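Structure, as structure tokens:
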Amino acid sequence: MAFLEIKDLHVEVAGKEILKGCTLSIEEGEVHAIMGPNGSGKSTLANVIAGNPVYKVTKGSLLFRGQNMLEMSPDERARAGVFMAFQSPVELPGVGIAQFLKTALNEKLKSMGKPELDAVQFIKRLKTRAQALNISDAMLKRSVNEGFSGGEKKKMETFQMAFLEPDFCILDEMDAGLDIDALKTVSDGINVMREKTRSFLLITHFQRLLNYIEPDYIHIMIDGQIVHSGDKLLAKSLEEKGYDEYR
């Protein structure tokens, strides 16, 4: 059985069908990228996997390590090892970054039957991950994403992911709004996390992200379905020719 198995998934939003029979299989340790025109359903798929209740699944199955994700709440999915980096990360005024991460990590550890980190262990982990991504002490003292620039928000999402060490990472247009330096920093943070027990799903419009994060597979989504799959060379072809031949 695949690490993540999606079969014939149909999804509605406000009565409109967005996903129309999406099928995708991701094995442990693989990096998959989904590309496609606006409105094709890429972000919808990401939100459904994460458990956003706005999206209604009307048909199909979604399994993570053999578990039926459609019966799991968003927090149960997070504790099971699913992490989503949002296209537009929300601000949480008054919620300190350090406290937010400590609470999230300890909830994960408790669900795994492991002891919570004490203050010394937590600070050591926080500092180590922050240094790897050039996150300043000043940023760690701020509220989650409050007053952050677009690049800072994406950098903070990557930092949260590195700190929590999830097993399956969904990155919804992480490259949106990033300049080259920020894109490289974020990509480096993601590449450091690549290992045989962790899988990634990248949602992107542009080939430039895939210059920094090399996927194992690229999928083209058109009108709520994955219509074609290939290797990393597919992204370069799309950059030159567009999606017309797949419509």
Side-chain angles (χ1 to χ4, degrees), residues 1-34 36 39-90 92 100-116 157 160-161 163-174 193 195-203 216-217 219 221 223-227 229:
M1 178 166 296
F3 189 67
L4 180 78
E5 188 75 47
I6 302 168
K7 290 185 179 179
D8 193 29
L9 197 64
H10 292 249
V11 174
E12 292 181 355
V13 179
K16 180 181 179 181
E17 189 174 46
I18 306 297
L19 295 185
K20 305 174 182 179
C22 180
T23 295
L24 176 65
S25 179
I26 297 177
E27 297 293 344
E28 195 171 41
E30 292 181 344
V31 177
H32 290 237
I34 295 183
S40 59
K42 303 183 301 299
S43 291
T44 293
L45 177 61
N47 276 278
V48 170
I49 297 172
N52 189 328
V54 171
Y55 300 85
K56 180 182 178 182
V57 177
T58 58
K59 183 181 177 183
S61 62
L62 176 58
L63 301 178
F64 179 60
R65 288 175 164 157
Q67 290 181 281
N68 183 1
M69 294 187 77
L70 300 180
E71 296 179 349
M72 301 166 67
S73 65
D75 62 303
E76 287 173 331
R77 300 181 196 202
R79 288 197 296 268
V82 177
F83 178 94
M84 179 168 171
F86 293 91
Q87 181 178 347
S88 300
V90 297
L92 300 176
F100 173 78
L101 289 173
K102 185 176 182 180
T103 300
L105 180 61
N106 283 335
E107 284 297 317
K108 176 184 176 182
L109 291 173
K110 282 193 294 184
S111 71
M112 298 168 65
K114 296 182 178 181
E116 299 181 9
E157 290 275 276
Q160 291 174 25
M161 182 173 65
F163 184 85
L164 295 172
E165 296 184 341
D167 298 320
F168 181 60
C169 307
I170 309 163
L171 310 177
D172 187 12
E173 298 194 28
M174 283 292 286
M193 293 186 66
E195 56 182 58
K196 62 183 180 180
T197 58
R198 180 176 294 121
S199 301
F200 292 83
L201 179 62
L202 313 178
I203 309 294
D216 297 298
Y217 301 96
H219 311 280
M221 180 173 278
D223 195 25
Q225 294 182 325
I226 290 177
V227 298
S229 300

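Positions are given from 1 along the sequence. Bear in mind the structure is a predicted one, so any value in this text is a computation, not a measurement.
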Measure the CG-CD distance between Asp75 and Glu107 for me, rounded to the nearest 0.5 Å.
-> 8.5 Å
Closest heavy-atom contact between Ile26 and Ala2?
-> O-CB, 3.8 Å
Closest non-hydrogen contact found for Ser43 with Ile203 is N-CG2, 4.4 Å
Do Glu165 and Arg198 touch side chain to side chain, with heavy atoms closer than 4.5 Å?
-> yes
Listed by chain and number, what are the side chain to side chain contact (heavy atoms under 4.5 Å, CB included) partners of Tyr217, not counting sequence neighbours?
-> Glu30, His32, His219
Does any non-hydrogen side-chain atom of Met69 lie less than 4.5 Å from one of Leu4?
-> yes
Can you tell me how far CD of Glu157 sits from CE of Met84, rounded to the nearest 0.5 angstrom?
-> 9.0 Å
Does any non-hydrogen side-chain atom of Thr197 lie less than 4.5 Å from one of Asp167?
-> no
Going by heavy atoms in the side chains, are Asn47 and Val11 under 4.5 Å from each other?
-> no
Under the 3.5 angstrom rule, does the side chain of Gln225 hit a backbone N or O of Lys20 as a donor-acceptor pair?
-> yes
Can you tell me how far CG of Leu9 sits from CG of Leu62, rounded to the nearest 0.5 angstrom?
-> 6.5 Å
Nearest atoms (heavy-atom pairs only) where Met193 meets Pro166 = CE-CD, 4.1 Å
Using the six-membered ring wherever Trp is involved, compare the ring planes of Phe64 and Phe3 and label them parallel, tilted or perpendicular (cut-offs 30° and 60°).
-> perpendicular
Is there side-chain contact between Met161 and Leu171, with heavy atoms separated by less than 4.5 Å?
-> yes
Between Lys42 (side chain) and Gly36 (backbone), is there a donor-acceptor pair under 3.5 Å?
-> yes
For Leu19 against Thr44, the heavy-atom pair lying closest together | CG-CG2, 3.9 Å
One should read off an interatomic distance between Lys114 NZ and Lys108 NZ, to the nearest 0.5 angstrom, of 8.0 Å
What's the verdict on side chain to side chain contact (heavy atoms under 4.5 Å, CB included) for Glu116 and Lys102, showing C-alpha distance, side-chain angles and the deciding distance?
-> CA-CA 9 Å; Glu116 299 181 9; Lys102 185 176 182 180; over 6 Å; no
Taking it one step at a time, do Ile226 and Cys22 satisfy side chain to side chain contact (heavy atoms under 4.5 Å, CB included)?
-> CA-CA 6 Å; Ile226 290 177; Cys22 180; 4.1 Å; yes
Looking at side-chain heavy atoms only, is the closest gap between Val48 and Ile6 below 4.5 Å?
-> no
With the side chain counted from C-beta on, respond yes when Leu109 and Pro115 share a heavy-atom pair under 4.5 Å apart, and no when they do not.
-> no
Any side-chain heavy-atom pair of Met174 and Leu202 under 4.5 Å | no
Scanning both residues in full, the closest heavy-atom pair of Met72 with Asn68 reads CG-O, 3.5 Å
Could you give the distance from CZ (Phe83) to CZ (Phe163), rounded to the nearest 0.5 Å?
-> 12.0 Å
Under 3.5 Å, side chain of Arg77 to main-chain N/O of Ile49, donor-acceptor pair present?
-> yes
Considering all heavy atoms, the nearest Gly29-Ser199 contact | N-OG, 2.9 Å
Straight-line distance of Glu5 CD to Leu24 CG, nearest 0.5 Å = 8.0 Å
